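Here it is: the structure, laid out below.
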Amino acid sequence: MPLPRSPTSLSRSTLLKMGVRIAGVVALATLFSYLHLLHTVRTEDLERLERHVGERSQREQLLFVLAQDNHAALKKALEERLRAMGQEDVSARFDGLVTRMPDGTLRSRVEGFDGTKMPGIIVNRNRTVDAALRRRILAAYDVVAWFGPALHTRFTNTYVVLPEEVIIVYWPERPNWCHDLGNTIAFRGGDTHTPENNPTRRSIWSGIYADQVTQKWMVSVSTPLDMDGQYIARIGHDVLLEELMARTISDHLPGTYNMIFRDDGSVIAHPELTREGATGVYDILGDAPQDGVTGEQRHHLRSIFERVRTRAPDDGVVELPEFDEYLGVARLEGPGWNFVTVLPERVVSEPALRAARQVLLLGTLALFLELVIMSWVLRQQITRPLLSFTQAADRVAAGDFQVELDTSREDELGQLARAIRLMADKVQHREEALRHANESLEHRVEERTHELQDVHRQLVQTARRAGMAEIATNVLHNVGNVLTSVHTSAQLAKERMSRMRLEQVSRVADMLEQNLSNLSAFLTRDERGQHVTPFLGKLGQSLQEERQELLSLLDDVSRYTEHIGDIVKVQQTYARTPRLHEAVHLEELVEDSLRINSAGLLRHRVKVERNLAPLPPVLTDKHKVLMILVNLVSNARNALDTVPEDARRLSLRMECTSAQHIRIEVRDNGVGIAPELLTRIFQYGFTTRDDGHGFGLHSSALAAQELGGSIEVHSEGPGQGASFTLVLPYLQGEEAA
């Protein structure tokens, strides 16, 4: 009996369902709000990022652009000064400005030299200074002296470098730079300004480097000057990068950071990378390890470099999906550096996520208030009226039809109250009618019960007779199969006896009796006597063979007769406990079934093919299995009547398909079975033969079920033959023992 289910509150289930739906709406609203805000914030942040890098690039590149513009004016002034000097002899003035130093260099004279107001001159050691070189040195000196102080407000220094390794520089912060510099002077970037290396004669920006004297990071920009097709000088400025690097690291948008790097991978400014003395800058594309730079940082920098390098020229903002970052990119005109602002995705998504949390919190609070209000309304308007309806229904079910309900309401609950009231009245009238009808029905049922009892007794007797008839039919069918074999064996024994030439024995005996007096001479010298001994030997051998065959036939008769008794006993298992199983060799039962049907198989000239896998003894009911196999072989033989004699084939296959089952297949190439008859083939009384009775396969199927197995049938259709497979459980006889 099932346990009674606990009552469920309608208001509670309604609140739960509505709460789930409203919570779903709140969740969807939160999701849509988050996605909308995320899209809006991302769009605004990316636009702000693009504006930021654009404005920063414009601001940071002003000094670089101004330097290149200054070079145009300096080039013009230097060229005009050189042409104005012509072939003027400037030896006295030159010697008054420079002197040969002990290290072999020519430098500005110390006496009267003020580096804060005038340029300094350095000529690399062991350089021969001719008149033309002196004029170019003094022309450069004059130009630097004129323009240097004015340009110093924006640039660290102004210098002119001649191809003969001569430097004229104005650097007020380092007034003694030309004297403090060692005797090994590095003329940085001289080869890059030759016409071969710089055919466009453009301004060239160096990489950042530490000055040999000040050890401050700076960058140089220089522009070549050609006169009359000859490279004569390059004009340049040194730009200190400390302020630029400081602004790059400290002045950034909230949550972002800036970096500057060259197209060759050299890092100009980065908030986390450090430089060791004057050894150079970090190379993004280099493989040499550097202290403080992890493998992850190196991979990150290379990803940023590759993304910036492969972007379209007009893309101010690009995405770096691998690290969930956006890159604002701008080129610094002049040196052509890349100014990059890195914006992590989390900076973009956090405001949207905070707003979504607020929406979710407010939605949850609103949901709670709505559920509280709805709970109170449902309790007042629905739960209490429904409770009164339930109590009224219980009273009606108990037989009390006098129920009082509030029928004054005009809504659906009022209609339900009136319907329940009407239902109670109708149920009361119908119960009274049913009570009267029940009394009449009981009397009629009692009469019908007596009639059914009489019919039942008759049906039981009829079923018993039918069962006895079915058992008798099965017995006769199986006994008839075996008796046919008994008759065949008896006929064969009779034929063997009739073919035995026993009269030859009498003739030999008469011949020996006639020559009894001289038997030795008769057997050795008489032509007839010489054949007596061999004849008797062959006759004895023939009689032994005939006796053996007769004994075999009589054994078959005995075994078949015993099988008749077992068939009768098998049929009696329907009325008493089943017989015990025993260990048997199934291949022997298959051979016995063929011997029982041997007369019919020989008479119909059926070729039998065997494919029997050797198996250990199996625990089963030997006589039931034999009865099934005899029926299957007999049916297969009968199915071959319409096949030409030379084409009649019957094959038997036995195999163990698994550890639990054995399959014995009986296949023929006879008339076959139509598909629509396959489901009826084992029905009692069903047969397709004119002289058949439909008992064999039915009883065989029942016997297979009693053995724990089954019989399977398969046929491709009429004329395609058929196969019947007996499936038995596999239990070895030794294991059972």
Side-chain angles (χ1 to χ4, degrees), residues 37-69 154 203 205-208 217-219 221 239-273 275 281-285 297-352:
L37 290 172
L38 180 61
H39 174 72
T40 302
V41 172
R42 180 183 289 116
T43 303
E44 294 177 352
D45 285 353
L46 295 184
E47 291 176 353
R48 183 166 61 252
L49 176 62
E50 188 171 7
R51 289 195 304 270
H52 169 75
V53 296
E55 295 171 356
R56 285 294 296 271
S57 65
Q58 292 293 329
R59 187 167 65 251
E60 301 297 350
Q61 73 186 9
L62 287 177
L63 188 61
F64 303 140
V65 174
L66 180 60
Q68 294 184 160
D69 293 341
R154 301 299 299 272
S203 299
W205 291 83
S206 70
I208 65 172
W217 291 100
M218 60 179 60
V219 62
V221 55
V239 180
L240 287 176
L241 298 178
E242 291 182 348
E243 293 183 2
L244 173 63
M245 295 167 64
R247 286 196 305 271
T248 301
I249 295 173
S250 60
D251 185 8
H252 55 80
L253 292 175
T256 68
Y257 65 91
N258 303 321
M259 61 182 299
I260 301 176
F261 56 84
R262 286 164 51 99
D263 288 341
D264 61 0
S266 299
V267 174
I268 307 300
H270 190 281
E272 295 180 358
L273 300 181
R275 300 172 179 82
V281 298
Y282 179 74
D283 184 7
I284 296 176
L285 302 180
Q297 284 179 315
R298 182 180 298 109
H299 176 61
H300 187 198
L301 288 172
R302 289 187 178 180
S303 300
I304 294 176
F305 178 83
E306 291 296 330
R307 187 67 187 91
V308 172
R309 185 179 62 84
T310 58
R311 70 184 178 92
D314 297 334
D315 289 344
V317 176
V318 295
E319 187 175 359
L320 191 63
E322 183 180 0
F323 293 92
D324 289 332
E325 293 175 342
Y326 297 97
L327 307 178
V329 185
R331 296 280 289 183
L332 298 182
E333 187 177 346
W337 297 343
N338 298 292
F339 184 90
V340 178
T341 298
V342 180
L343 173 63
E345 170 66 24
R346 57 179 177 78
V347 176
V348 178
S349 59
E350 281 181 357

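Scope of the values below: all heavy atoms of this structure, side chains included, with no hydrogens, waters or symmetry mates. Quick caveat: nothing in here was measured; it's all calculated off a predicted structure. For reference, positions follow the sequence shown, starting with 1.
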**Prompt:** For the atom pair CG (N338) and OG (S57), what is the distance rounded to the nearest 0.5 Å?
**Reply:**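 N338 atom CG to S57 atom OG measures 11.0 Å (nearest 0.5 Å).
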**Request:** Test V317 against V329 for side chain to side chain contact (heavy atoms under 4.5 Å, CB included), laying out the working first.
**Result:** CA-CA 6 Å; V317 176; V329 185; over 6 Å; no
**Request:** Return yes if some donor-acceptor pair links the side-chain N/O of D324 with the main-chain N/O of P344 below 3.5 Å, else return no.
**Result:**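 Side chain of D324 to backbone of P344, a donor-acceptor pair under 3.5 Å: no, none is there.
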**Message:** Show the nearest heavy-atom pair for residues L285 and R302, with the distance to one decimal.
**Reply:** O-NH2, 3.7 Å
**Asked** What do you reckon, is CZ of R154 surrounded by more than 12 foreign heavy atoms closer than 6.0 Å?
**Response**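 Not buried by this count: 12 neighbours or fewer within 6.0 Å.
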**Message:** With a 6.0 Å cut-off on the ring centroids, do H300 and F305 count as close?
**Reply:** no
**Request:** Go through the steps to decide whether I260 and M245 satisfy the test side chain to side chain contact (heavy atoms under 4.5 Å, CB included), and finish with yes or no.
**Result:** CA-CA 9 Å; I260 301 176; M245 295 167 64; over 6 Å; no
**Closest non-hydrogen atom pair, I249 against H252** = O-CD2, 3.2 Å
**Request:** Begin with the C-alpha distance, continue with both residues' side-chain angles, and end with the deciding distance and a verdict on side chain to side chain contact (heavy atoms under 4.5 Å, CB included) for L327 and R307.
**Result:** CA-CA 9 Å; L327 307 178; R307 187 67 187 91; 4.2 Å; yes
**Asked** Can you check whether G334's main-chain N or O pairs, donor with acceptor, with W205's side chain at less than 3.5 Å?
**Response**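 The answer is yes, because a donor-acceptor pair under 3.5 Å joins these two groups.
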**Item:** Heavy-atom side-chain proximity of V219 to P335 below 4.5 angstrom
**Value:**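 Answer no - side chains too far apart.
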**Request:** Quickly, which of D315, D263, D314 forms a salt bridge (charged side-chain N to carboxylate O under 4.0 Å, His left out) with R331? Name it, please.
**Result:**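 Exactly one candidate clears the test, D263.
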**Asked** Looking only at heavy atoms, which two atoms of D251 and N258 are closest? And how far apart?
**Response** O-ND2, 2.7 Å
**Message:** Any side-chain to backbone donor/acceptor pair from S266 onto R262? Under 3.5 Å, distance only.
**Reply:** no
**Prompt:** For E345, what residues pass the side-chain hydrogen bond (donor to acceptor under 3.5 Å, both in side chains) criterion, not counting sequence neighbours?
**Reply:**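 R42, Y326.
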**Prompt:** Are any side-chain N or O atoms of T310 and backbone N or O atoms of E306, one a donor and one an acceptor, separated by less than 3.5 Å?
**Reply:** yes
**Prompt:** Donor-acceptor pair, Q61 side chain versus E333 backbone, under 3.5 Å?
**Reply:** yes
**Closest contact, heavy atoms only, P313 versus R311** =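 Looking at all heavy atoms of both residues, the shortest contact is O-NH1, 3.6 Å.
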**Request:** For the residue pair H270 and Y257, establish whether any side-chain heavy-atom pair is separated by less than 4.5 Å.
**Result:** yes
**Asked** Would you call the rings of W337 and F64 parallel, tilted or perpendicular if under 30° counts as parallel and over 60° as perpendicular?
**Response** perpendicular
**Asked** Does a side-chain heavy-atom distance below 4.5 Å link L46 with L343?
**Response** yes
**Message:** As a quick check of understanding, evaluate side chain to side chain contact (heavy atoms under 4.5 Å, CB included) for W217 and I268, giving each step before the final call.
**Reply:** CA-CA 10 Å; W217 291 100; I268 307 300; over 6 Å; no
**Message:** So, taking the atom named CD1 in I304 and the one named CZ in R309, what distance separates them when rounded to the nearest 0.5 Å?
**Reply:**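 Here the interatomic distance stands at 14.5 Å.
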**Item:** Heavy-atom pair with the smallest gap, counting every atom of P254 and V347
**Value:**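 For P254 and V347, the tightest heavy-atom pair comes out as O-CG1, 4.0 Å.
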**Prompt:** Of the non-hydrogen atoms in S203 and V221, which two are nearest, and what is the gap between them?
**Reply:** CB-CG2, 4.2 Å
**Request:** Walk me through it: do R247 and E60 pass the test salt bridge (charged side-chain N to carboxylate O under 4.0 Å, His left out)?
**Result:** CA-CA 9 Å; R247 286 196 305 271; E60 301 297 350; 2.5 Å; yes
**Side-chain heavy-atom pair T341, R56 within 4.5 angstrom cut-off** =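 With C-beta onward as the side chain, the pair stays apart.
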**Request:** Could you tell me whether the side chain of L66 reaches within less than 4.5 Å of the side chain of L62, counting heavy atoms only?
**Result:**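 Counting from C-beta outward, L62 and L66 never come under 4.5 Å.
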